[in-house]
Amino acid sequence: MSSRNDKFYLKLALNLAKQNECLTRENPSVGCVIVKNNKIISLSKTSINGRPHAEANAIRLANRNDLKDSTIYVTLEPCTHHGKTPPCTDLIIKNKISKIVYGSNDIDKRTAKKLKIVLKKFNISTKQVKMKEITDFYKSYFYIRKNKLPYITAKLACSNDYYIYSKKNKNITNELSRKTSHLLRYRNNAILISSKTLNKDNPFLDCRINGLQNFSPIKIILDKNLNYKKNLNIFKNKKIRCIFFYNYSSKKKLSVLKKNKIKYYKVNLDKQNNLDFKEIKKKLFKLNINYLLIEGGKELTKSLIQKKHINQFFLFKSGKNLNTNGQLKIKEIVNQLNKKFKNKMNLDVYLNKDKVINYS
């Protein structure tokens with residue numbers, strides 16, 4: 001098989017992996033394509049929540065008689081270790097697949113660079129074809145595995161003249177931009193805001209795209225003294241988990257959270273007398289939150305960028321100016337973004353010249 005064909009099938013596998021990106025919990029999202037005699041006989045991806053793995057799904061969907069002497073293309077080195085499921089290499093050996101082509105080595109020490117050693121005695125050949133698109137795709141997974149911390153995405157929406165609130169209209173950006181913003185909620189395990197934003201905006205913090213409501217993220221609230229107001233919208237939907245981080249509170253405030261079946265964790269303060277965000281990140285990782293979206297206000301966002309807690313940032317920028325109707329200008333934050341992040345990309349331009357700028 002030529003290198004050109006290898007890259008073609010790996011790109012197809014990558015497109016499959018992207019479908020469940022960030023939805024596979026602690027496992028990476030992997031794409032898999034099985035080929036025999038230059039024909040695709042099966043393809044699949046890692047299941048939502050991380051199991052079964054892509055290889056297991058693709059093998060199960062194939063005609064077993066076709067698998068012998070086939071080639072399997074996967075975006076990430078197949079696992080060779082026993083975890084919550086048997087290693088994918090066991091299935092590859094059992095079905096007499098003759099060759100594996102993969103894009104990236106795994107970072108998991110239980111599996112990393114062990115594929116060739118495990119399969120050599122079964123005369124199954126292995127080949128790595130490095131591709132920048134695949135390496136970039138696994139950037140967040142590698143970060144999570146290496147640092148044992150969640151990968152953090154933050155966002156803000158502003159007018160063309162950089163205001164984040166309007167005196168007249170609740171929404172600054174258009175409907176297409178807002179739907180894209182909800183896709184970010186769908187793509188993340190949890191969404192975090194400050195108590196200031198909670199009390200001012202009274203948000204639901206759910207995913208409001210038809211068919212994706214069940215993927216609404218866990219709600220995380222930073223509320224140092226538990227100053228939350230009564231009758232908030234986040235209390236109304238008890239199907240979606242909610243967690244408060246605080247430092248000081250009355251027993252009465254804690255009892256209200258307990259009554260609403262909301263988890264709460266006490267954390268220390270940092271040198272600026274704010275909740276220690278390093279401590280919060282470690283706790284979130286222990287709670288199996290690997291992908292965190294922050295929809296903070298001006299001050300929280302500014303602080304987290306300055307302290308380098310943000311891995312990537314989405315700026316939703318309207319094509320319209322608010323002028324005297326605008327409140328809270330974030331030009332300083334945009335300057336921070338341009339200074340702190342190496343890569344800046346305009347993802348798209350929407351109606352009324354709305355655009356999304358991705359910083360990574």
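Atoms considered below: every heavy atom in the structure, side chains included; atoms not considered: hydrogens, waters and symmetry mates.
- Counting heavy atoms from C-beta outward, Ile34 and Leu61 have side chains that stay 4.5 Å or more apart.
- At a threshold of 4.0 Å, the pair Lys283-Glu279 does not count as salt-bridged, since none of the basic side-chain nitrogens sits closer than that to a carboxylate oxygen.
- Hydrophobic clustering (ILVMFWY, side-chain heavy atoms < 4.5 Å, transitive): Leu293 and Ile330 are in distinct clusters.
- Checking side-chain atoms of Asn321 against main-chain N and O of Asp161 turns up a donor-acceptor pair under 3.5 Å.
- For Tyr151 and Asn290, the side-chain atoms include no donor-acceptor pair closer than 3.5 Å.
- For the side-chain contact (heavy atoms from CB on, under 4.5 Å) criterion with Ser104, the lone passing option out of Val74, Thr75, Leu76 is Leu76.
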May I have the list of side-chain donor-acceptor pairs in residues 215-226 shorter than 3.5 Å, sequence neighbours left out?
{"residue": "Ser216", "atom": "OG", "partner": "Cys207", "partner atom": "N", "Å": "2.8"}
{"residue": "Ser216", "atom": "OG", "partner": "Gln213", "partner atom": "O", "Å": "2.8"}
{"residue": "Lys219", "atom": "NZ", "partner": "Ile234", "partner atom": "O", "Å": "3.0"}
{"residue": "Asp223", "atom": "OD1", "partner": "Ser195", "partner atom": "OG", "Å": "3.4"}
{"residue": "Asp223", "atom": "OD1", "partner": "Leu226", "partner atom": "N", "Å": "3.2"}
{"residue": "Asp223", "atom": "OD1", "partner": "Asn227", "partner atom": "N", "Å": "2.8"}
{"residue": "Asp223", "atom": "OD2", "partner": "Asn227", "partner atom": "N", "Å": "3.1"}
{"residue": "Asp223", "atom": "OD2", "partner": "Tyr228", "partner atom": "N", "Å": "3.1"}
{"residue": "Lys224", "atom": "NZ", "partner": "Asn273", "partner atom": "O", "Å": "2.9"}

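- The local environment of CG in Asn335 is crowded, with over 12 non-hydrogen atoms from other residues, nucleotides or ligands closer than 6.0 Å.
- Under the 4.5 Å side-chain heavy-atom criterion for Ile, Leu, Val, Met, Phe, Trp and Tyr, Phe313 and Leu328 are members of the same hydrophobic cluster.
- Side chains of Tyr165 and Asp201: a donor on one and an acceptor on the other come within 3.5 Å.
- Looking at Gln128 and Lys116, their side chains never bring a donor and an acceptor atom within 3.5 Å of each other.
- Residues Asp270 and Leu275 come closest through the heavy atom pair OD2-O, 3.9 Å.
- Counting only N and O atoms by type, the side chains of Tyr291 and Thr153 include no donor and acceptor under 3.5 Å apart.
- Under the 3.5 Å distance criterion, the side-chain polar atoms of Asn202 are matched with a main-chain donor or acceptor of Asn233.
- Within the 4.5 Å cutoff, the side chain of Tyr186 has no heavy atoms near those of the Asp206 side chain.
- The backbone N or O of Gly297 lies less than 3.5 Å from a partner atom in the side chain of Thr301, making a donor-acceptor pair.
- For CZ of Arg25, the number of neighbouring non-hydrogen atoms (other residues, nucleotides, ligands) closer than 6.0 Å is 12 at most.
- Defined by atom type and a distance below 3.5 Å, a donor-acceptor pair is missing between the side-chain atoms of His53 and Thr46.
- Side-chain contact annotation: Asn268 with Asp276, donor-acceptor N/O pair under 3.5 Å absent.
- Lys114 meets the side-chain contact (heavy atoms from CB on, under 4.5 Å) test with Thr80; sequence neighbours excluded.
- Between Lys36 and Asp69, none of the side-chain N atoms (NZ, or NE/NH1/NH2) sits under 4.0 Å from a carboxylate O, so this pair counts as no salt bridge.
- In summary, Asp136 and Lys132 engage in a salt bridge, as defined by a charged side-chain N under 4.0 Å from a carboxylate O.
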**OP:** Please assess Lys344 against Ile357 for the test side chain to side chain contact (heavy atoms under 4.5 Å, CB included), listing each intermediate value before the final yes or no.
**Re:** CA-CA 7 Å; Lys344 175 183 174 182; Ile357 306 170; 3.8 Å; yes
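- With Phe245 as the aromatic partner, Lys263 does not meet the cation-pi criteria of under 6.0 angstrom to the ring centre and within 45 degrees of the ring axis.
- The shortest side-chain heavy-atom distance between Phe244 and Leu198 falls under the 4.5 Å cut-off.
- At a threshold of 4.5 Å between side-chain heavy atoms, the hydrophobic network of Ile, Leu, Val, Met, Phe, Trp and Tyr places Ile152 and Val356 in two separate groups.
- Other residues, nucleotides and ligands contribute more than 12 heavy atoms inside 6.0 Å of the CZ atom of Arg187.
- Leu16 and Tyr138 end up in the same hydrophobic cluster when Ile, Leu, Val, Met, Phe, Trp and Tyr side chains are linked at under 4.5 Å.
- Put simply, the side chain of Ser47 never gets that close to the backbone of Gly50: no donor and acceptor are under 3.5 Å apart.
- Following chains of ILVMFWY side-chain contacts shorter than 4.5 Å, one can reach Val33 starting from Ile124, so the two form part of one hydrophobic cluster.
- At least one side-chain heavy atom of Leu292 sits under 4.5 Å from a side-chain heavy atom of Leu284.
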**OP:** Could you check Phe316 against Leu156 for side chain to side chain contact (heavy atoms under 4.5 Å, CB included), going step by step and ending with a plain yes or no?
**Re:** CA-CA 6 Å; Phe316 291 79; Leu156 275 176; over 6 Å; no
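- For the pair Arg60 and Glu55, the salt-bridge criterion is not met [side-chain N within less than 4.0 Å of a carboxylate O].
- Using a 4.0 Å cut-off between charged side-chain N and carboxylate O, Asp66 and Arg64 make no salt bridge.
- Residues Glu295 and Arg185 have side chains in contact (heavy-atom distance under 4.5 Å, counting atoms from C-beta outward).
- Here the side chains of Leu176 and Asp354 are not in contact, with every heavy-atom distance at 4.5 Å or above.
- Asn65 meets the side-chain contact (heavy atoms from CB on, under 4.5 Å) test with Asn63; sequence neighbours excluded.
- Of the N and O atoms on the side chains of Tyr141 and Asp106, at least one donor lies less than 3.5 Å from an acceptor on the other residue.
- Under a cut-off of 6.0 angstrom, the local environment of NZ in Lys307 is crowded, with over 12 non-hydrogen atoms contributed by other residues, nucleotides or ligands.
- In this structure the side chain of Phe204 never reaches within 4.5 angstrom of the side chain of Asn237, judged on heavy atoms.
- Looking only at side-chain heavy atoms (C-beta outward), Leu322 and Ser166 come within less than 4.5 Å of each other.
- Residue Phe8 places its CZ atom among 12 or fewer non-hydrogen atoms of other residues, nucleotides or ligands, all under 6.0 Å distant.
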